[in-house]
Amino acid sequence: MALRLHNTLARATEDFVPIAPPRVGLYCCGPTVYDYGHIGNFRTFVFADLVRRHLEFRGHAVNHVMNITDVEDKIIRRVRETGLPLREYTGRFTDAFLQDLDALGCHRPHHLPRATDHIDGMLRLIARLVERGIAYRTPDGSVYFSIEKYRGAERWPGCACRYGQLVNLNLDEQRVTERVASDEYDKDNVADFALWKARVPDDGDVFWESPWGQGRPGWHIECSAMSLALLGDGFDLHLGGEDLAFPHHEDEIAQSEGAGGLHGGLWNEHRPFVKYWLHAAHLLVEGKKMSKSLGNFHTLRDLLARGWTGREVRQLLLAAHYRDTFNFTMDGLDGARAALARIDECTGKLREAAGTTAATAPAPALVDAFGAALDDDFNISRGWAAVFDWVRDTNRAMAAGELDATRAAGELAAWERVDTVLGLGAKPQAEAPPEALALLDARAAAKKARDFARADAIRGELKAIGWAVEDTPKGPKLKKL
Ligand code: AMP
Ligand code: ZN
């Protein structure tokens, strides 16, 4: 069965057919680096990681791009308050963000463009929109996107070139004459939006030269310029949290399609800006969106400091289907810990049973069931059900003595294959205390002296203090029981 996904653009679930297989271009709107990300933000980024990993599992060559929004209203305010240079301020939170991604077991995106490195592309897109009469300069030197002009502009075959592709808008009944300078507005109040914001005293040193005077870009044009620059005019997949569908993504479409692409490719090749849009539902706290403004958020750092691991937080963020909102609770984290313990116990026993036997191929049942679940619009809930059915069946088979080393190795390889998508990795090794390390040395010495009875006795002593010895091709290792 082909991979199917829910495309916000089509408002339907569709077969995934890449534009130029085996390559797949994947863009996910990244963080605004004005502070530490909260785990609501990371629900979306972990989902993007899952999408990329599943596409790779299915053999696609993914080019994964995630931008870093390093110039924007909130950042400018913080820069003004702290007196730090923009790059120094945003660099600090960009590093923190990347550390958090690592701690959550996310693959680093192939490209992490910073908005401030793509100002030229933004100016090119804006100039093209002005040239086509779709954007206009205001007396203060700002440039706005005209929704009215866009709706009347010439189209190319195959291009919807319509404002309101991701959300339903009744523009005929709404007057779209007002302008909004802010990057955020709602769909009951559709208005021309800023592509370029003229420099004001509060911007301090944060400004660039442009044909319309000094200023800085609006948030929406940043993502159009970066995605088109790195993935080309017209790419496969664009992701973000559901709050971004309007106005951010709608505006990205309007600007990109209005300009015909960064290199004219949308116009010349009759392509839409993006083929598939995926939107992840919010992480909630007591029924409300986890957000900075509501103050109901946890950063990953808070949770790590309280003794949770990145792996446990990842398991929790991946617990529910991406289109279902999901309530964050501490009980949920307990559940994640318990779920991982069940998996670790099973894979630990498989490892012991397999010993040094290598698998010829992964056993198919788990890989097939899990792959089919994820092919169904990344149905991770079904994926977990496949994993826990497998844990139960494998435990039973081991208890009944049905798994010899070869079969155990095959099941273990199946888990490892599935884990290329889940990204949980092995249970982190607990630090062995000095007495356990001393016993490990003593055992090695006993084995060298061919005193196997003593070596076995030491294995027993280690077990008594909570450690198992595993003989691996790289030598003996201690594992916490
Ligand atoms: P921001 O840094 O605010 O631009 O947000 C980065 C990403 O996190 C965007 O894709 C947002 O849609 C997403 N996001 C923000 N809050 C939440 C939440 N509570 N749950 C899931 N995703 C969120
Ligand atoms: Zn974006």
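One-based numbering, in listed order, for ligands and for the atoms of each.
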Taking the six-membered ring of Phe297, is the NZ or CZ of Lys292 close enough (under 6.0 Å from the centre) and on axis enough (within 45°)? yes
NE2 (His248) to the Zn ion (ligand 2) to SG (Cys223) angle, given to the nearest 10 degrees: 110°
Can you tell me the protein heavy atom closest to atom 9 (C) of ligand 1 and the distance? Leu244 CD1, 3.7 Å
Which residue and atom name correspond to the protein heavy atom nearest atom 19 (N) of ligand 1, and how close is it? Met290 O, 2.9 Å
Which residue pairs satisfy the disulfide bond (SG atoms under 2.5 Å apart) criterion with at least one member in residues 111-170, sequence neighbours excluded? Cys159-Cys161
Distance only, no hydrogens: is a donor on one side chain within 3.5 Å (strictly under) of an acceptor on the other, for His270 and Arg155? no
Cut-off 3.5 Å, side chains only: do His282 and Glu242 have a donor facing an acceptor? yes
Judged by non-hydrogen atoms, does Lys292 sit under 4.0 Å from ligand 1? no
Is there a donor-acceptor pair under 3.5 Å between the side chain of Asp192 and the backbone N or O of Ile147? yes
closest protein heavy atom to atom 10 (O) of ligand 1 is Gly241 N, 3.1 Å
Take every heavy atom of Phe297, measure it against each atom of ligand 1, and state whether any distance is under 4.0 Å. no
Nearest protein heavy atom with distance in Å, relative to atom 12 (O) of ligand 1: Asp243 OD1, 2.4 Å
Between Gln255 and the options His220, Met122, Glu250, the side chain to side chain contact (heavy atoms under 4.5 Å, CB included) test singles out His220
Atom 13 (C) of ligand 1: nearest protein contact (heavy atom, Å): Thr44 OG1, 3.7 Å
Is there a donor-acceptor pair closer than 3.5 Å between any side-chain N or O of Asp49 and the backbone N or O of His107? yes
Minimum distance, heavy atoms only, to atom 20 (N) of ligand 1: which one of Leu283, Asn41, Leu294, Asn296 is it? Leu283
Quick one: does Pro31 get a heavy atom under 4.0 Å from ligand 1? yes
Using heavy atoms and a threshold below 4.0 Å, how should the contact between Thr32 and ligand 1 be classified: side chain, backbone, both, or neither? both
